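In this text, all values refer to a predicted model and were calculated from it rather than measured experimentally. Read the numbers this way: they start at 1 and go in the same order the structure lists the ligands and their atoms.
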Amino acid sequence: MTQSRPLAWGRRYVMVRPDHFRIDYAINPYMDLAAQPDRRRAMAQWVGLVSTIEGLGATVEVVPQRADAPDMVYAMNLGLGVVRVDGSGPVKGHVVMSHMRYAERRMETLSAQPWFERSGRTTSYVGREGVGAHLEAGDVFAWRDALVAGFGPRTEELALKHLAGDLGVRVRGVRLTHPAMYHLDLAFCPLDDRRAMVAPGAFDAASAEALLELVPEPLVLTDAEALTTFCANSIVIGHTVVMPAGCPERVRSVLVGWGFEVVEVDVSEFHKGGGSVRCLTNPVDLTLGRDVPLVAGGEVVLPAFA
Ligand code: ARG
């Protein structure tokens with residue numbers, strides 16, 4: 001059997017403290033203005049998630065939530081955090097800010113960008129600030145030789161070109177077509193350098209096939225598993241998978257069989273907004289040239305029949 005190596009990234013997170021979490025509008029099928037989150041329960045669940053992450057040896061930096069941005073708690077969508085390593089020089093954090101599809105979320109990056117700058121990172125937008133192609137960072141993951149980027153419901157295909165060129169990496173695009181799996185992180189979760197959870201039902205046929213070909217050992221999720229438990233929306237810290245509570249027994253036993261420890265965290269209040277563990281956490285330690293190979297000029301690869 002081929003040895004697999006744990007992910008090198010996923011040990012430093014940015015999260016947004018849910019002081020103003022509400023459902024003010026419905027931009028995905030989970031959101032219902034009549035089903036408001038319980039503010040205190042949500043805060044307790046969020047604090048529980050932070051302490052689970054810190055208990056596993058990872059770090060959390062906290063961004064304050066804007067009062068006018070109820071979805072800002074889904075920190076994964078603020079931007080794509082990377083670390084640039086230049087030869088012998090200093091290691092510098094950079095964030096490619098999201099340009100949200102829906103106007104309801106666009107103000108989030110207006111305060112997240114200065115926050116990232118104050119934290120010592122540089123920031124940029126794909127294309128031109130405010131008018132470039134839509135990019136939502138919950139659509140982008142490092143996987144083996146490239147960034148895998150979901151496009152369709154939120155991120156636009158054009159953003160993939162900018163991202164590849166700006167970072168000098170290969171970007172593999174996959175088209176999301178399922179209305180309830182509107183971000184890649186609801187349907188794809190890298191586990192180590194050979195294994196990942198994949199819900200093929202989220203994608204068009206060519207993209208599903210291309211993604212399954214990229215993953216040597218996929219844990220294939222049914223639509224029901226991905227949709228009812230948000231289990232693909234997990235994070236991985238070394239050999240531990242931090243999952244939303246209620247993970248299907250079948251999924252858990254595959255993970256345990258592969259040697260992972262599964263830790264379940266109840267973040268059910270946040271499911272009302274259409275996001276779970278991964279959406280609430282944004283890894284900022286993805287290192288270019290280590291976790292994603294550099295490719296001169298960048299390159300976009302799309303499935304053959306997309
Ligand atoms: N209400 C948010 C939206 O529709 C949920 C975002 C979920 N986040 C994620 N990374 N999938 O944009």
Side-chain angles (χ1 to χ4, degrees), residues 10 13-16 18 20-37 42 45-46 49 53 63 65-66 68-81 95-110 112 134-142 147-156 159 174 176-190 197-199 202-203 221 223 226-236 242-244 265 267-284 286:
Y13 294 92
V14 164
M15 294 175 64
V16 174
H20 307 282
F21 177 45
R22 308 173 298 271
I23 311 294
D24 278 0
Y25 46 80
I27 56 170
N28 70 53
Y30 302 94
M31 300 174 88
D32 174 359
L33 275 76
Q36 290 296 326
Q45 292 179 346
W46 184 87
L49 177 59
I53 291 171
V63 182
Q65 184 177 8
R66 284 172 70 109
D68 63 350
D71 265 340
M72 195 174 168
V73 296
Y74 302 105
M76 183 62 226
N77 293 124
L78 295 178
L80 175 69
V95 182
V96 181
M97 303 302 301
S98 291
H99 174 34
M100 307 279 191
R101 165 75 62 150
Y102 293 107
E104 287 89 335
R105 293 198 67 181
R106 291 202 194 123
M107 73 293 259
E108 296 177 25
T109 49
L110 298 180
H134 294 135
L135 171 77
E136 296 195 5
D139 275 325
V140 185
F141 276 111
L147 292 178
V148 173
F151 64 94
R154 299 293 177 91
T155 296
E156 289 175 287
V174 283
L176 288 159
T177 49
H178 195 299
M181 291 186 268
Y182 50 89
H183 278 135
L184 183 64
D185 64 11
L186 297 167
F188 178 60
C189 179
M197 288 187 265
V198 182
F203 308 93
L221 303 176
D223 288 4
L227 294 173
T228 57
T229 68
F230 283 97
C231 62
N233 205 246
S234 298
I235 63 171
V236 181
V242 180
M243 309 194 93
V265 180
V267 289
S268 50
E269 290 304 311
F270 298 95
H271 293 184
K272 295 174 180 170
S276 192
V277 173
R278 165 69 68 192
C279 302
L280 294 168
T281 56
N282 189 331
V284 286
L286 185 74

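His99 and Thr109 are not linked by any side-chain donor-acceptor pair at a separation below 3.5 angstrom, with hydrogens and angles left out of the test. Under the 3.5 Å distance criterion, with hydrogens and angles disregarded, a donor-acceptor pair is assigned to the side chains of Tyr25 and Asp71.
Ligand 1 lies out of reach of Tyr102, whose nearest heavy atom is not under 4.0 Å from it. Ligand 1 lies within reach of Arg154, whose nearest heavy atom is under 4.0 Å from it.
Side-chain contact between Ser234 and Val242 is absent, with no heavy atoms from C-beta onward closer than 4.5 Å. Using a 4.5 Å heavy-atom threshold, the side chains of Leu184 and Phe203 count as touching. The shortest distance between side-chain heavy atoms of His178 and Leu227 falls below 4.5 Å. Inter-residue side-chain proximity for Tyr74 and Leu280 is flagged as met; some heavy-atom pair is nearer than 4.5 Å.
Each of the atoms 1 (N), 2 (C), 3 (C) of ligand 1 lies under 4.0 Å from some heavy atom of Asp71. Remark: ligand 1 atoms within the under-4.0 Å shell around heavy atoms of Met31 are 1 (N). Listed by number with element, the atoms of ligand 1 under 4.0 angstrom from any heavy atom of Ile27 are 3 (C), 4 (O), 12 (O).
When hydrogens are left out, the protein atom nearest atom 5 (C) of ligand 1 is Gly273 O, 3.4 Å; that is the closest non-hydrogen contact. Closest protein heavy atom to atom 9 (C) of ligand 1: Cys279 SG, 2.6 Å. Considering only non-hydrogen protein atoms, atom 10 (N) of ligand 1 sits nearest to Asp185 OD2, 2.6 Å.
When heavy-atom distances to ligand 1 are checked against a 4.0 Å cut-off, Arg105 comes that close only through its side chain, counted from C-beta outward.
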Checklist entry - Does the pair Phe230 and Tyr30 meet the rule for a ring-ring contact (aromatic ring centres under 6.0 Å, His included), with working shown? => result CA-CA 11 Å; Phe230 283 97; Tyr30 302 94; 5.0 Å; yes
